[in-house]
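Only one structure is covered here, and it is reproduced in the block below.
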Amino acid sequence: MLAGKKILLGITGGIAAYKTPLLIRELIKAGAEVQVVMSRAAQQFVTPLTLATLSRREVITEMFPDASANASHRWTQHIDLALWADVMFIAPATAHTIAKITHGFADDMLTTLVLALRCPLALAPTMDVDMFLNRTTQMNIDALKGTGCFVIDPDEGELASGLAGPGRLPETDKLLAFIDDILEKVHQDLTGKHVLVTAGPTQEPIDPVRYIGNRSSGKMGFAVAAAASLRGAQATLISGPVALKTPRNVHRIDVRTAREMQAATLARFEKADVVIMTAAVADYAVVNPAHEKIKREQQSGNELTLTLTKNPDILKSLGEKKTHQILVGFALETHNGVAYAQEKLQRKNLDVIVLNNPNEEGAGFNTDTNIVSILTPDGKVEQLPRKSKFDVANMILDRVKMKLTWSV
Ligand code: PMT
């Protein structure tokens, strides 16, 4: 996959920067074009001249280089390069740079480029073991993974400090395979298609303080939206209340209740080519939620009775309206999964249904992985092993792609 690909290689200030000349040499050998962007600290470890010689391109070190500040081709260089690249890979990625990227800082060329990217972003976190295992660093890495960023785990072994543990930059062969794999995963095969995704729970108010909800974190739906966007689709994400960052280049609409989710979905249905309903929509809402907080002291007896009413079945209503759209539902089942999923597939007029079980370890709510079966109307049931939610998302999109019709 590397031949002819345009790679933005970000290098930040860690001792492992001394290994990047070899990485550049191998990328060039594989036929890739490499544009190096260095942080200031990185230049303490390896010189721009070395990297420019190997990459056969000027290395970018400054946002505003003095000599060329007035050169017109530099005015929008951060945007031009961001659009030019097929992938941006930051290796080594220090804890500091990872923190800056997580929080959207743009205080040098490297981090500014990250914000402007449309292509996949990949990182090789490389640092001393305690910095890597530090809770903040781990939280930042998890947050970036959640927005669709690809992360290669550091190798374990002896570190420059003399300590041992995870933190080493993986060997060049491993890095090349990692980039190659990303390029394969995110080939732009959904360009021109509009993918509408629902995610997270819905919350049905009881009073201004309390609600009926469920344990959905939104991770599955956010992974689908991120994967669709990375594959070139125009991705719209309609999300219930969750604590996740919006994946890059995804248009997000926040809703709270099932009825709000239904309205937002229906309004965008006509223009959608694909709809993927990962949301855990509450099946019931409270009739006449209280406008003021229900006071415990004012209730007589030990019981509080709430009257619930059925919420609309959003997916079923889409199935009834569908014309050209590919409709994908999820089925969350604890028992008789295949039979219930097949029944939902037919009743809701779906093209694909993805079955998962919340009681299985590593599947369902608030996990980074899922264990799913993919069912289609021809009776096929594909059981997949445990995979990251991002990989599951791509496997669903692979099945969807086969069903899409393409006009030229
Ligand atoms: O968000 P995460 O923490 O990552 O967890 C992911 C998940 C477990 C929520 C996800 O993988 C999942 O299974 N989503 C579907 C949950 C669900 O509501 O399943 P269901 O079998 O009750 O519903 C079947 C389908 O109908 C779903 O696509 C659902 O979005 C849809 N539905 C359900 C009820 C309703 N009133 N309207 C709907 O459109």
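Each ligand, and each atom within it, is numbered from 1 in the order the structure gives.
- With ligand atoms numbered from 1 in the order given, ligand 1 contributes 35 (C), 36 (N), 37 (N), 38 (C), 39 (O) to contacts under 4.0 Å with heavy atoms of Asp313.
- Applying salt bridge (charged side-chain N to carboxylate O under 4.0 Å, His left out) to Asp351 and the options Lys403, Arg399, Lys322 leaves one that passes, Lys322.
- Ligand 1 is never approached by Ala223 to a heavy-atom distance shorter than 4.0 Å.
- The atoms of ligand 1 that sit less than 4.0 Å from any heavy atom of Gly329 are 28 (O).
- Within the 4.5 Å cutoff, side-chain heavy atoms of Thr236 are placed close to those of His194.
- Residue Ile314 approaches ligand 1 through these ligand atoms, each under 4.0 Å from one of its heavy atoms: 37 (N), 38 (C), 39 (O).
- Not a single N or O atom of Thr367, backbone or side chain, sits closer than 3.5 Å to an N or O atom of ligand 1.
- Leu175 has its side chain within reach of Leu169: a pair of non-hydrogen atoms, C-beta onward, lies under 4.5 Å apart.
- Considering only heavy atoms from C-beta on, Val242 comes within 4.5 Å of Pro201 through its side chain.
- The protein heavy-atom contact nearest to atom 29 (C) of ligand 1 is Ala279 O, 3.4 Å.
- Taking only non-hydrogen atoms, the option from Thr202, Val328, Leu315, Ile276 nearest to atom 31 (C) of ligand 1 is Leu315.
- For a threshold of 3.5 Å applied to N or O pairs, the pair formed by Thr278 and ligand 1 contains at least one separation below that value.
- Pro120 and Ile182 make their closest contact through CB-CG2, 4.0 Å (heavy atoms, listed as atom of the first residue, atom of the second, distance).
- Taking every heavy atom of Asp283 and a limit of under 4.0 angstrom, the matching atoms of ligand 1 come to 34 (C), 35 (C), 36 (N).
- Ligand 1 does not have Gly200 within reach: every non-hydrogen atom of the residue lies 4.0 Å or more from it.
- The distance from ligand 1 to the heavy atoms of Lys219 drops below 4.0 Å at these ligand atoms: 1 (O), 2 (P), 4 (O).
- Side-chain contact, Asn214 with Ser216: no donor N or O sits under 3.5 Å from an acceptor N or O.
- Val392 places a side-chain heavy atom less than 4.5 Å from the side chain of Met220.
- The single protein non-hydrogen atom nearest to atom 6 (C) of ligand 1 is Met220 CB, 3.6 Å, given as residue, atom name and distance.
- The 12-atom threshold is exceeded at CG of Asp378, counting heavy atoms of other residues, nucleotides or ligands nearer than 6.0 Å.
- For ligand 1, the polar-atom distance check against Asn311 finds no nitrogen or oxygen pair separated by under 3.5 Å.
- The shortest separation from a heavy atom of Ala331 to ligand 1 is under 4.0 Å, placing the residue in contact.
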May I have the step-by-step check of side-chain contact (heavy atoms from CB on, under 4.5 Å) for Glu33 and Arg57, ending in yes or no? CA-CA 9 Å; Glu33 286 181 64; Arg57 278 171 174 262; 2.8 Å; yes
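- Looking at ligand 1, you'll find an N or O of Pro312 within less than 3.5 Å of one of its N or O atoms.
- Distances below 4.0 Å separate heavy atoms of Gly218 from the following atoms of ligand 1: 1 (O), 2 (P), 3 (O).
- Side chains of Leu196 and Gln325 form no contact here, defined as non-hydrogen atoms less than 4.5 Å apart.
- Between the choices Thr265, Leu350, Leu332, Asn356, the shortest heavy-atom distance to atom 10 (C) of ligand 1 belongs to Asn356.
- When each atom of ligand 1 is checked for a heavy atom of Asn366 under 4.0 Å away, the hits are 2 (P), 3 (O).
- Under 4.0 Å is where a charged nitrogen must lie from a carboxylate oxygen, and between Glu62 and Arg40 at least one such pair does.
- Selection from Ala199, Ala280, Gly364 by nearest heavy atom to atom 18 (O) of ligand 1 gives Ala280.
- With respect to atom 20 (P) of ligand 1, the closest heavy atom belonging to the protein is Lys344 NZ, 3.6 Å.
- Ligand 1 has Lys389 within reach: a non-hydrogen atom of the residue lies less than 4.0 Å from it.
- The closest side-chain donor-acceptor pair between Thr137 and Asn140, if any, does not fall under 3.5 angstrom.
- Of the listed residues (Met277, Lys348, Glu333), the one carrying the non-hydrogen atom nearest atom 33 (C) of ligand 1 is Lys348.
- Of the protein's non-hydrogen atoms, the one nearest atom 2 (P) of ligand 1 is Ser217 OG, 3.4 Å.
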CA sep, side-chain torsions, deciding dist, call: Glu204, Asn311, side-chain contact (heavy atoms from CB on, under 4.5 Å): CA-CA 10 Å; Glu204 310 301 329; Asn311 265 331; 3.3 Å; yes
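- Judged by the shortest distance from any of its heavy atoms, Gln262 lies outside the 4.0 Å radius around the atoms of ligand 1.
- Considering every non-hydrogen atom in both Leu159 and Gly167, the closest pair reads CD2-C, 3.7 Å.
- Looking only at protein heavy atoms, the nearest one to atom 24 (C) of ligand 1 is Phe330 O, 2.8 Å.
- Shown here are the ring pair (Phe, Tyr, Trp, His ring centres under 6.0 Å) partners of Phe150, two or more places apart in sequence or in another chain: Phe390.
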